[in-house]
Amino acid sequence: MYRKPHLDLLCCFLYSYHMTFNFYNTLGREKQVFKPLREGKVSFYGCGPTVYNYAHIGNLRAYVLHDILVRSLRRAGYDVNHVMNITDVGHLSDDADDGDDKMVKSASERGKTVLEIADFYTKAFFNDTDRMNITRPNVVCKATEHIGEMIALIERIEKNGFTYSSGGNLYFDISKFPSYGELALLQLDELKAGARIEQDENKRNAFDFVLWFTKSKFENQALVWDSPWGRGYPGWHIECSAMSMKYLGENFDIHAGGIDHIPIHHTNEIAQSEAATGKKPWVSYWLHNEFLVINKSKVSKSKGNFLTLQALIDEGHDPLDYRYFLLGGHYRSQIQFSMESLKGAGNARKSLIDKIKSKFSQADIAEAGRLEIGTGIRSAEYTSYIEGFDKAIEDDLNTPRALAELWGLLKDAPASPEALAAVYDMDRVLGLKLEEAVTKSADGVNEKFAREIEELIAKRAEAKKAKDFAAADNIRQTLKDRGIILEDNPAGTTWKLG
């Protein structure tokens with residue numbers, strides 16, 4: 001049970017916890033004040049992985065953005081429903097309906113079934129995100145488990161007159177959707193066949209895209225389903241529209257992903273979704289993270305320059321070192337990655353933990369663990385840093401500035417349990433596991449043990465107050481047997497390792 005700090009120990013005040021977020025909305029190319037569709041609730045869809053291979057460290061940058069977004073909104077009091085897809089069918093090697101199915105190709109190369117490949121790499125993906133302390137979504141939805149929803153959505157699009165059949169496949173006709181390309185700043189009247197992608201002879205326009213494939217295009221597709229258009233499988237783009245609508249409704253607040261999704265995948269999602277529902281906008285805010293680059297080249301599986309999280313671990317780095325590295329750059333800026341820069345981030349993270357351990361006493365650490373974080377009680381000695389932190393996060397999730405406020409608090413604010421609780425409050429967004437790190441001293445006293453010690457000290461004080469000195473002596477001896485030495489002084493009882 002948490003308890004609030006005694007008011008007479010602090011110069012403190014109550015405040016109403018209110019944060020006004022300003023997010024850079026790709027749809028409009030400007031920072032906009034965030035106003036959710038439903039007061040106090042946020043509906044959020046983040047593009048998930050296509051599970052045909054391990055996630056590379058560039059992929060993981062997107063999920064750190066999603067995590068910072070969700071943590072920030074929840075810390076501000078919002079009830080966030082976070083939905084993420086798992087693509088296990090239909091994603092071709094080219095986002096514009098060309099090439100091989102990534103899942104089928106991976107399964108063939110590894111001598112496994114598509115579903116075996118999907119299961120293996122889905123588990124590997126979540127193992128990576130867990131190690132980076134990325135919060136799992138409320139809903140994780142697999143494409144293969146939502147074929148019925150996709151077919152139903154395509155039927156709505158067809159009924160509204162936005163489709164045509166050609167070569168056995170069903171296509172979305174972008175000429176029927178005047179605002180096509182708004183997200184990517186494409187001009188519909190300037191789009192010419194073959195200008196962007198290799199022309200599919202079945203398409204009326206090179207930018208048209210497949211809603212449903214049949215065996216006429218890929219005769220050996222591993223996973224196929226019956227549909228009104230023949231036995232086949234869905235296009236990649238329809239998956240996200242159908243699953244997001246199922247769990248978040250026909251209009252929702254935020255959609256996020258990498259900038260590479262803007263010109264094709266997210267553009268197509270908007271077109272088919274709004275064509276089906278007739279409601280605009282389908283999504284209020286679009287957030288996109290920039291690329292991670294190595295030697296000035298985008299990290300990519302196709303380029304063969306990708307590193308996995310496990311590769312970093314094998315080099316001796318903690319997964320949280322990579323998280324700290326990413327926090328040091330704004331999500332909308334490219335970050336140049338190198339092992340040297342990762343090492344620097346790791347050293348900075350370790351220095352951060354060492355600074356906390358050296359600044360705060362064991363008593364501060366034990367007491368901070370009892371304080372209720374985010375109750376509205378703050379000291380004037382450190383509140384400016386919390387306010388600076390809040391402003392940084394409100395300003396389009398500016399984690400570099402937020403980190404600077406954390407370091408400023410540690411450098412300048414007087415040590416107290418409440419100041420340490422403020423550090424923990426900041427870490428609710430940063431996700432660096434600072435409380436876990438500082439409650440594990442080099443001597444091996446973890447948080448649970450420290451709290452047990454404090455509870456026994458409190459019981460001993462009660463026994464002494466009741467003049468039950470035998471019980472008090474028994475508690476002292478019990479702790480001594482466990483290697484804990486008590487020291488009584490006018491300010492109270494402290495402990496140390498014997």
Side-chain angles (χ1 to χ4, degrees), residues 48-68 84 86-88 102-103 105-107 109-112 116-137 140 258 260 289-329 331 334-354 357 399 403 427 430-438 440-442 444 446:
T50 300
V51 284
Y52 71 102
N53 203 337
Y54 293 105
H56 59 62
I57 59 174
N59 299 142
L60 292 173
R61 185 181 189 189
Y63 303 110
V64 170
L65 163 62
H66 301 179
D67 189 43
I68 295 297
M84 187 184 75
I86 297 291
T87 295
D88 51 2
K102 293 183 177 183
M103 298 299 304
K105 182 178 179 181
S106 179
E109 290 173 348
R110 292 163 174 79
K112 303 286 186 180
E116 286 173 339
I117 289 293
D119 181 66
F120 178 85
Y121 287 115
T122 298
K123 291 176 179 175
F125 170 77
F126 282 115
N127 183 46
D128 283 347
T129 58
D130 287 347
R131 290 189 290 185
M132 287 191 66
N133 198 28
I134 294 171
T135 309
R136 291 203 181 195
V140 176
D260 51 329
N289 62 279
E290 255 286 2
F291 293 132
L292 184 78
V293 295
I294 298 178
N295 297 324
K296 299 183 179 180
S297 178
K298 167 194 169 185
V299 177
S300 167
K301 294 184 179 76
S302 63
K303 292 180 180 293
N305 69 337
F306 77 95
L307 288 168
T308 63
L309 184 64
Q310 186 59 51
L312 303 186
I313 294 170
D314 291 342
E315 290 291 326
H317 300 285
D318 189 294
L320 293 179
D321 293 346
Y322 182 54
R323 184 180 180 103
Y324 189 98
F325 168 80
L326 292 176
L327 295 176
Y331 77 88
Q334 286 192 359
I335 299 181
Q336 179 72 36
F337 177 85
S338 68
M339 285 296 183
E340 291 76 17
S341 59
L342 179 61
K343 182 178 180 181
N347 289 337
R349 187 181 71 85
K350 292 178 179 64
S351 295
L352 179 64
I353 295 168
D354 290 342
K357 287 182 176 180
T399 54
L403 275 175
D427 198 43
L430 301 175
L432 295 170
K433 292 187 175 182
L434 296 180
E435 183 172 9
E436 179 179 315
V438 301
K440 291 181 179 179
S441 71
N446 61 29

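Count residues from 1 along the sequence.
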Sorted by chain and residue number, the side-chain hydrogen bond (donor to acceptor under 3.5 Å, both in side chains) partners of Ser351 (sequence neighbours excluded) come out as none
Taking atom OG1 of Thr50 and atom CG of Asp88, what is their separation to the nearest 0.5 Å?
9.0 Å
Quick one: list whatever passes side chain to side chain contact (heavy atoms under 4.5 Å, CB included) with Asp321, sequence neighbours left out.
His317, Asp318, Leu342, Arg349, Lys350
Give a yes or no on whether a salt bridge exists between Asp128 and Arg131, defined as a side-chain N under 4.0 angstrom from a carboxylate O.
yes
Across all chains, not counting sequence neighbours, the side-chain hydrogen bond (donor to acceptor under 3.5 Å, both in side chains) partners of Tyr324 are Trp407
Contacts of Tyr331 meeting ring pair (Phe, Tyr, Trp, His ring centres under 6.0 Å) (sequence neighbours excluded), chain-then-number -> none
Between CZ on residue Arg61 and CD1 on residue Ile335, distance to nearest 0.5 Å:
3.5 Å
Taking side-chain hydrogen bond (donor to acceptor under 3.5 Å, both in side chains) as the test, write out the residues that go with Glu315, two or more places apart.
none
Hey, what do you get for OH (Tyr322) to CD1 (Ile313), rounding to the nearest 0.5 Å?
12.5 Å
Using salt bridge (Lys or Arg N to Asp or Glu O under 4.0 Å) as the criterion, list what pairs up with Lys343, not counting sequence neighbours.
none
Could you pull out the closest heavy-atom pair between Ile57 and Leu309, with the gap in Å?
CG2-N, 4.0 Å
Rounded distance (nearest 0.5 Å) linking atom CG of Leu403 with atom CG of Leu352
8.0 Å
Which heavy atom in Met84 sits nearest to a heavy atom in Pro49, and how many Å separate them?
CE-CD, 4.1 Å
Between CG of Leu60 and OH of Tyr54, what distance do you get to the nearest 0.5 Å?
13.5 Å
Quick one: list whatever passes salt bridge (Lys or Arg N to Asp or Glu O under 4.0 Å) with Arg136, sequence neighbours left out.
Asp130
Show your reasoning for whether side chain to side chain contact (heavy atoms under 4.5 Å, CB included) applies to Leu292 and Phe325.
CA-CA 11 Å; Leu292 184 78; Phe325 168 80; 3.9 Å; yes
Quick one: list whatever passes side chain to side chain contact (heavy atoms under 4.5 Å, CB included) with Thr122, sequence neighbours left out.
Val51, Ile86, Phe126
Contacts of type side-chain hydrogen bond (donor to acceptor under 3.5 Å, both in side chains), residue Asp67, not counting sequence neighbours
Arg71, Thr135, Arg323
Report the residues that fulfil salt bridge (Lys or Arg N to Asp or Glu O under 4.0 Å) with Asp427, sequence neighbours left out, ordered by chain and then residue number.
none
Passes side chain to side chain contact (heavy atoms under 4.5 Å, CB included), Phe120 versus Arg110? Steps please.
CA-CA 12 Å; Phe120 178 85; Arg110 292 163 174 79; over 6 Å; no
Is a side-chain N or O of Asn59 found less than 3.5 angstrom from the main chain of His56, in a donor-acceptor match?
yes
Contacts of Lys123 that satisfy side chain to side chain contact (heavy atoms under 4.5 Å, CB included) - sequence neighbours left out
Asp119
Nearest 0.5 Å, what's the CD1-CZ distance between Ile134 and Phe125?
7.0 Å
Heavy-atom pair with the smallest gap, counting every atom of Leu307 and Met339:
CD1-CE, 4.2 Å
Of all heavy-atom pairs between Asn133 and Gly431, which one has the smallest distance, and what is that distance?
ND2-O, 2.9 Å
Can you check whether Leu432 reaches Ile353 side chain to side chain, under 4.5 Å on heavy atoms?
no
